[in-house]
Amino acid sequence: MNSTRRTSITTGVLFIGATVAALAAAQLVDPVLTDADYLGAAATYPLQVAGGALLYLVAAATSVGIAVSLYSVLKKANAGLALGSVVFRAMEAVMYVVAVVGLLGVLTVGQQVTAGHAADRASLQAVGDSLLSMREHATLVAVFAFSLGVLMYYAVFYQSRLVPRWLSGWGIGAAIVMMTACLLALFSDSDVTDYKLLILPIFVQEMVLAVWLIVKGFSHSPLQSVPTPKDSVPTG
């Protein structure tokens with residue numbers, strides 16, 4: 001197995017790992033944070049919140065791992081866009097870490113509310129609301145960075161034909177739709193996860209791409225077919 005094939009398999013596994021970790025984290029955390037008394041719910045289910053935070057960190061690490069893994073292949077086709085994808089997906093990971101810090105802060109405040117006096121409730125609630133707002137805004141910035149990062153490497157995929165153009169074109173369109181969801185969330189001051197129909201295309205596309213990379217791998221011919229100066233000199 002050559003290095004390019006290993007890269008395609010690794011990248012496919014990372015795609016699946018990032019998605020599974022993010023979905024599992026949401027299943028643990030969302031019921032707590034959407035509760036009317038989310039501070040009390042966080043204090044009641046601390047292991048659930050901590051487990052969700054850990055899974056979000058795994059999702060952040062695997063997300064940046066995708067771009068780093070792809071870089072060795074994509075730089076041969078377009079080094080600038082390949083590096084840009086690494087930068088934006090690293091920004092995504094950083095913002096997800098900030099969101100996790102906010103989540104753990106909510107857990108701490110919830111425990112203080114449970115152990116404290118009623119007189120402290122209003123001030124602690126305000127702190128909790130601020131932490132929750134910080135988490136939501138950090139998540140929005142992370143999704144913006146994600147959209148730009150994936151748009152860059154799907155553009156390289158489309159140019160180089162490393163994967164079929166229908167698959168890379170789908171990725172470009174889905175990334176643009178995802179950015180639309182981010183803009184709607186930004187100007188409506190809502191959670192980006194409220195726009196599930198706009199998020200769905202990129203979710204499905206990345207799972208299809210992951211399976212393709214694991215089963216089929218990258219196409220070698222587009223990069224190998226570019227003639228070198230030596231090859232272009234007529235002989236005879």
Side-chain angles (χ1 to χ4, degrees), residues 1-27 55-96 142-179 181-182 196-226:
M1 183 184 297
N2 61 36
S3 61
T4 301
R5 187 71 183 101
R6 284 195 297 270
T7 297
S8 71
I9 294 173
T10 300
T11 305
V13 171
L14 287 172
F15 269 119
I16 294 173
T19 301
V20 170
L23 289 176
Q27 289 298 312
L55 286 169
Y56 275 127
L57 290 176
V58 171
T62 50
S63 293
V64 71
I66 290 168
V68 171
S69 178
L70 286 174
Y71 179 74
S72 62
V73 175
L74 298 185
K75 68 179 181 179
K76 300 173 185 176
N78 191 318
L81 288 178
L83 181 59
S85 69
V86 174
V87 171
F88 279 106
R89 297 224 64 175
M91 289 174 58
E92 172 198 357
V94 170
M95 288 297 102
Y96 277 133
V143 178
F144 260 123
F146 161 80
S147 301
L148 290 170
V150 300
L151 185 61
M152 288 180 176
Y153 59 66
Y154 284 131
V156 181
F157 280 151
Y158 191 85
Q159 292 171 355
S160 64
R161 299 179 185 265
L162 283 165
V163 297
R165 277 193 161 177
W166 64 264
L167 187 53
S168 54
W170 179 4
I172 291 171
I176 293 171
V177 171
M178 174 69 91
M179 281 191 282
C182 292
K196 292 181 175 62
L197 289 179
L198 299 181
I199 297 172
L200 184 61
I202 195 68
F203 166 75
V204 176
Q205 192 276 342
E206 293 211 327
M207 291 302 93
V208 173
L209 177 61
V211 173
W212 183 277
L213 292 177
I214 293 171
V215 176
K216 297 282 191 178
F218 297 113
S219 170
H220 298 279
S221 56
L223 296 179
Q224 293 179 347
S225 63
V226 178

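By the side chain to side chain donor-acceptor pair (under 3.5 Å) test, Thr7 is found to be paired with no residue, residues two or more places apart in sequence or in another chain being considered. In this view, Ser85 satisfies the side chain to side chain donor-acceptor pair (under 3.5 Å) rule with no residue, not counting sequence neighbours.
In this structure the side chain of Met95 never reaches within 4.5 angstrom of the side chain of Phe144, judged on heavy atoms. Residues Tyr153 and Val150 are in side-chain contact: their nearest non-hydrogen atoms beyond the backbone lie under 4.5 Å apart.
In this structure, CD1 in Ile172 is found 13.5 Å from CH2 in Trp170, a value given to the nearest 0.5 Å. Leu81 CG to Lys75 NZ: the interatomic distance, rounded to the nearest 0.5 Å, is 15.0 Å. Separating the CE atom in Met178 from the CZ atom in Phe203 is a distance of 11.0 Å, to the nearest 0.5 Å. Atom CG of residue Leu14 and atom OG1 of residue Thr19 lie 10.5 Å apart, to the nearest 0.5 angstrom. If you take CG on Leu209 and CG on Leu167, they are separated by 5.0 Å, rounding to the nearest 0.5 Å.
The heavy-atom pair separating Thr62 from Gly17 by the smallest distance is OG1-C, 4.3 Å. Taking every heavy atom of both residues into account, Glu92 and Ala142 meet most closely at CG-O, 3.5 Å. Taking both residues in full, the closest heavy atoms of Ser147 and Met179 are given as CB-CG, 3.2 Å, listed atom of the first, atom of the second, then distance. What you find for Ala77 and Ser160 is that their closest heavy atoms are CB-CB, 3.8 Å. Nearest approach of Met207 to Phe15, heavy atoms of both residues: CE-O, 3.6 Å. Summarising the geometry of Gly12 relative to Ala210, their closest heavy-atom pair is O-CB, 3.5 Å, with the distance given to 0.1 Å.
Ring geometry, Phe218 versus Phe157: the interplanar angle falls from 30° to 60°, so the pair is classed tilted.
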Quiz item: Would Asn78 and Leu74 count as a side chain to side chain contact (heavy atoms under 4.5 Å, CB included) if you check the C-alpha gap in whole Å, the side-chain angles of each, and the deciding distance to 0.1 Å?
Solution: CA-CA 6 Å; Asn78 191 318; Leu74 298 185; over 6 Å; no
Item checked: Trace of the side chain to side chain contact (heavy atoms under 4.5 Å, CB included) decision for Val163 with Leu213 -> CA-CA 8 Å; Val163 297; Leu213 292 177; 4.1 Å; yes
Requested in this report: Evaluate the side chain to side chain contact (heavy atoms under 4.5 Å, CB included) criterion for residues Val143 and Tyr96: first the C-alpha distance (whole Å), next the side-chain angles of each, then the deciding distance (0.1 Å), finally the verdict.
Outcome: CA-CA 9 Å; Val143 178; Tyr96 277 133; 3.8 Å; yes
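The closest donor-acceptor contact from the side chain of Arg5 to the backbone of Ile214 lies under 3.5 Å. Formation of a donor-acceptor pair under 3.5 Å by the Ser69 side chain with backbone atoms of Ile66 is not found in this model.
Checking each of Ile202, Leu198, Leu197 against Val177 for a side chain to side chain contact (heavy atoms under 4.5 Å, CB included) leaves exactly one that passes, namely Leu198.
For OH of Tyr71, the number of neighbouring non-hydrogen atoms (other residues, nucleotides, ligands) closer than 6.0 Å is greater than 12.
Between the side chains of Arg165 and Ser168, no donor-acceptor pair is found at a separation under 3.5 Å.
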